[in-house]
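Note: hydrogens, waters and symmetry copies are ignored here, and every other heavy atom, side chains too, is used. Model, not experiment: these values are computed from the prediction. Residue numbers begin at 1 in each chain, while the letters A, B, ... track the order of the sequences.
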There are 2 protein chains.
Amino acid sequence: MQSYDRRFEDILDSTEDLFAEKGFHATSMRDIAHAAEMSIAGLYYYLPSKQAALCLVCTRIFDRLDAAAHELHGIADPAERLRAFVRAHLAYMLRNDDAYRVLLHDMDALDGEYGDRMRLRKRRYFSLAADLVSRLDVHSAFVSPRIAAGALFGMLNWAPTWYRRGVDGAIDTVADTILAIFLGGISAIASPLEVRS
Amino acid sequence: MQSYDRRFEDILDSTEDLFAEKGFHATSMRDIAHAAEMSIAGLYYYLPSKQAALCLVCTRIFDRLDAAAHELHGIADPAERLRAFVRAHLAYMLRNDDAYRVLLHDMDALDGEYGDRMRLRKRRYFSLAADLVSRLDVHSAFVSPRIAAGALFGMLNWAPTWYRRGVDGAIDTVADTILAIFLGGISAIASPLEVRS
DNA sequence: CGTTAATTCGAGCGAACGTTCGATAGAACG
DNA sequence: CGTTCTATCGAACGTTCGCTCGAATTAACG
């Protein structure tokens, strides 16, 4: 039923917006129903529970991120592939309203099997990025891959808290700057004599 | 009354732990009362409202952070002062259980005057760090102070999500590594020819 | 001791929560 | 037409929420 699927996506759109704006716990099923312009009982025809709604929203976000990451397989050069990943990841964080908040915070509210499944996907996505980093020519024995990946993701995932359109320039430029700090920093630690203090 | 103050701090300790662990909205006043080993009505003898409880907890955390930052005034060298700040900030993020979560997320739940006051303190603290960065000898015309401070705080504030005791080494060492990545990265952008690609 | 003030609690208020149920309206199909 | 299935809703369930009140208990002081 095509009309069902369209309505279903509409509802998930509204749900995602509300979770991103107010957070999972501060959003009620009545809020979602109102945003989707239907009754609470009608909402439950599409969503079995609030937890399932959060799980569906998270799954959709991961689907988009993974789809963007999957397109990187065509890029042979490891440095360019990492650059493309950084650009895509930051772009998703900074566009799409505050959808990133659902992943970075609300996801922890998922219990049981829902929680296990989503935490697994989160780990997979992050290790995908750590893999890209480890394949760089610039490998440093002085910085562990865990800290390196953590530093890179930190700069990227923190960006939504300070980035302002029109003040901080184009998103791709910010992505390149962050990547340059990261690569320059790693390189400086790997060969500290080449940078004067 | 000394006994009152001691009890008050005990209650705020319990409140901070619960907010950090489960989040503001997922924590009920009954949870707090139970953790503080008293009745709900008795709890309201100390706390006028749940919002006030969050505000008090946030204030306490900022007091600690500001106190640590205030000790840096004795350090003359800008680079060493920044290093001390980075160490102190990361140490607070990684010790004190998950208190950082209250600041980085739950604080947004504060309404009205409470919210205004805390957001002002947050901005002050962050601009304090941006000030330290701008006073470095290494100034780059290619990286704006906003992006630089955002990158540094990103690496620091994201650390609690990946740091594991016993796996990633001493906290001060991690702080030094993050600072090295930051300074090396900024320097590399400032004088790109000195780092081979 | 009696009196006053500080501290704690049981009980419950109204509201909002997630969720369910039976009924209903419309479309689909014979 | 009647029947079946899809989609929607009003009303309400039981629970928990933040919060309050009046009474009881304890400590302080004369």
Side-chain angles (χ1 to χ4, degrees), chain A residues 1-58 102 106-115 118, chain B residues 1-58 102 106-115 118:
Chain A
M1 190 65 64
Q2 178 184 3
S3 137
Y4 176 93
D5 292 340
R6 210 180 322 122
R7 194 86 166 95
F8 185 68
E9 291 298 322
D10 283 350
I11 292 172
L12 287 190
D13 284 342
S14 303
T15 307
E16 184 178 314
D17 288 345
L18 285 170
F19 284 171
E21 183 190 349
K22 320 197 317 175
F24 173 73
H25 287 293
T27 302
S28 70
M29 294 300 270
R30 282 162 180 82
D31 292 335
I32 299 174
H34 181 259
E37 290 175 321
M38 67 192 318
S39 69
I40 314 148
L43 179 65
Y44 273 86
Y45 182 74
Y46 293 89
L47 299 177
S49 72
K50 195 185 176 188
Q51 284 263 326
L54 176 56
C55 186
L56 286 165
V57 166
C58 287
V102 182
D106 289 334
M107 224 192 69
D108 298 341
L110 280 175
D111 295 333
E113 195 210 343
Y114 285 154
M118 285 303 112
Chain B
M1 190 65 63
Q2 179 185 1
S3 135
Y4 176 92
D5 292 340
R6 209 180 322 122
R7 194 88 167 94
F8 186 68
E9 291 298 322
D10 282 351
I11 292 172
L12 288 189
D13 284 342
S14 302
T15 307
E16 183 177 314
D17 288 345
L18 284 170
F19 285 171
E21 183 191 349
K22 320 196 322 178
F24 173 73
H25 286 293
T27 302
S28 69
M29 293 302 268
R30 283 160 180 84
D31 292 335
I32 297 173
H34 182 259
E37 291 176 319
M38 68 193 317
S39 69
I40 313 149
L43 179 64
Y44 273 87
Y45 181 73
Y46 293 88
L47 300 177
S49 71
K50 194 185 176 187
Q51 285 263 326
L54 176 56
C55 187
L56 286 165
V57 166
C58 287
V102 181
D106 288 334
M107 226 192 68
D108 297 342
L110 280 174
D111 295 333
E113 196 212 341
Y114 286 153
M118 286 300 114

Worksheet entry | Between dA27(C) (C1') and Tyr4(A) (OH): distance, integer Å | 17 Å
Worksheet item: Just how far, in rounded Å, is P of dC9(D) from CD of Glu37(A)?
Response: 10 Å
Discussion item. For dT8(D) and Arg7(A) - does any side-chain N or O of the residue sit under 4.0 Å from the phosphate oxygens OP1/OP2?
Written reply: yes
Discussion item. Within the 4.0 Å heavy-atom criterion, would you say Tyr46(A) contacts the bases, only the backbone, or no part of the nucleic acid?
Written reply: sugar-phosphate
Fill in: Pairs meeting criterion ring-ring contact (aromatic ring centres under 6.0 Å, His included) with involvement of residues 12-43 of chain B, two or more places apart
Phe19(B)-Phe24(B)
Discussion item. Looking at every non-hydrogen atom in both residues, tell me the closest pair between Met118(B) and Cys58(B) and how far apart they are.
Written reply: SD-CB, 3.6 Å
Worksheet item: Which salt bridge (Lys or Arg N to Asp or Glu O under 4.0 Å) pairs, counting each pair once, include a residue from residues 35-49 of chain B, with sequence neighbours left out?
Response: none
Practice prompt. Quick one: list whatever passes side-chain contact (heavy atoms from CB on, under 4.5 Å) with Asp31(A), sequence neighbours left out.
Written response: Leu18(A), Lys22(A), Thr27(A), Ser28(A)
Worksheet item: Considering only heavy atoms, which members of residues 10-19 of chain A lie under 4.0 Å from some atom of DNA chain D?
Response: none
Worksheet item: With sequence neighbours left out, which residue pairs that include part of residues 39-50 of chain B fulfil the salt bridge (Lys or Arg N to Asp or Glu O under 4.0 Å) condition?
Response: none
Practice prompt. Starting from C1' on dG10(D), measure out to NE2 on His34(A) and report it in whole angstrom.
Written response: 16 Å
Worksheet item: Taking C-beta and beyond as the side chain, do Asp10(A) and Ser14(A) meet within less than 4.5 Å on heavy atoms?
Response: no
Fill in: Atom-to-atom span, CG of Leu47(A) to P of dA7(D) - whole angstrom
14 Å
Worksheet item: Does the side chain of Tyr45(B) get closer than 4.0 angstrom to OP1 or OP2 of dT8(C) through an N or O atom?
Response: no
Worksheet item: Which residues pass the side-chain contact (heavy atoms from CB on, under 4.5 Å) test with Leu43(B), sequence neighbours left out?
Response: Ile11(B), Met29(B), Ile32(B), Ala33(B), Met38(B), Leu47(B)
Worksheet item: Over how many whole Å does the gap from Arg6(B) atom CZ to dT7(C) atom P extend?
Response: 12 Å
Worksheet item: Where along nucleotides 16-21 of chain C does protein come under 4.0 Å, by heavy atom, of base (B) or sugar-phosphate alone (S), with - for untouched nucleotides?
Response: -BBBBB
Worksheet item: What pairs with Tyr46(A) under ring-ring contact (aromatic ring centres under 6.0 Å, His included), at least two apart in sequence or on another chain?
Response: Tyr4(A)
Practice prompt. List in chain and number order the residues that pass side-chain contact (heavy atoms from CB on, under 4.5 Å) with Ala52(A), two or more places apart in sequence or in another chain; answer none if no residue qualifies.
Written response: Pro48(A), Ser49(A), Tyr114(A)
Discussion item. Using whole Å, what does the distance between atom P of nucleotide dA7(D) and atom CZ of Phe8(A) come to?
Written reply: 12 Å
